[in-house]
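Notes for the one structure printed next.
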Amino acid sequence: MSNQLSQQQCVACHADAPKVSDQELAELIKEIPDWAAPVNNGIMMLERVYKFKNFKLAQAFTNKVADLAEAEFHHPAITLEWGKVTVVWWTHAIKGLHRNDFICAAKTDALLDS
């Protein structure tokens, strides 16, 4: 289904949009197995660390993630370090996880193949 998730588009999300349920979380997280769902300041997020051979490759990936974020109009936290990029998706408007976050996580993983 992660392939299916990566083919979907984000929908506009407002403060009254529902967060994913515990059951949805359990199902969706299976589709992006390399992602964790930590809680940070009371907000559940999706987080993954990508490793690269050098800074230039990490920077190129960061730029791809930024382009994805603009295309989906959904913006993660991106931390660029030497040989490492940390991407964290969550829906700011609802202070938690929405299906959009899982779609974007799957699309982020697909960037490795592009």
Shortest non-hydrogen contact between [X] and [Y], atoms and distance:
| X | Y | answer |
| --- | --- | --- |
| Ala58 | Val85 | O-CG2, 3.3 Å |
| Pro18 | His98 | O-CD2, 3.5 Å |
| His75 | His92 | O-CE1, 3.2 Å |
| Ala77 | Trp90 | CB-CZ3, 3.9 Å |
| Gly96 | Asp101 | O-OD2, 3.7 Å |
| Leu25 | Met44 | CD2-SD, 3.6 Å |

Going by heavy atoms in the side chains, are [X] and [Y] under 4.5 Å from each other?
| X | Y | result |
| --- | --- | --- |
| Lys84 | Thr79 | no |
| Val87 | Arg48 | no |
| Leu5 | Arg99 | yes |
| Leu112 | Phe52 | yes |
| Phe61 | Leu80 | no |

Atom pair CG/OG1 of Leu97 and Thr91 - distance to nearest 0.5 Å: 7.0 Å

Give a yes or no on whether the backbone of Leu57 and the side-chain of Asn54 come within a donor-acceptor separation of less than 3.5 Å. yes

Short side-chain to backbone donor-acceptor contact, Asp109 and Ala106, under 3.5 Å: no

Before you tell me yes or no, could you show the steps for Asp34 and Tyr50 under side-chain contact (heavy atoms from CB on, under 4.5 Å), namely the whole-Å CA-CA distance, both residues' side-chain angles and the distance that decides it to 0.1 Å? CA-CA 10 Å; Asp34 296 319; Tyr50 296 87; over 6 Å; no

Report the C-alpha distance between Thr108 and Trp89 in whole Å, list the side-chain angles of each, state the deciding distance to 0.1 Å, and finish with yes or no for side chain to side chain donor-acceptor pair (under 3.5 Å). CA-CA 10 Å; Thr108 304; Trp89 292 101; 3.1 Å; yes

Would you sort out whether Val88 and Glu47 count as a side-chain contact (heavy atoms from CB on, under 4.5 Å), showing the intermediate values? CA-CA 4 Å; Val88 183; Glu47 179 178 80; 3.6 Å; yes

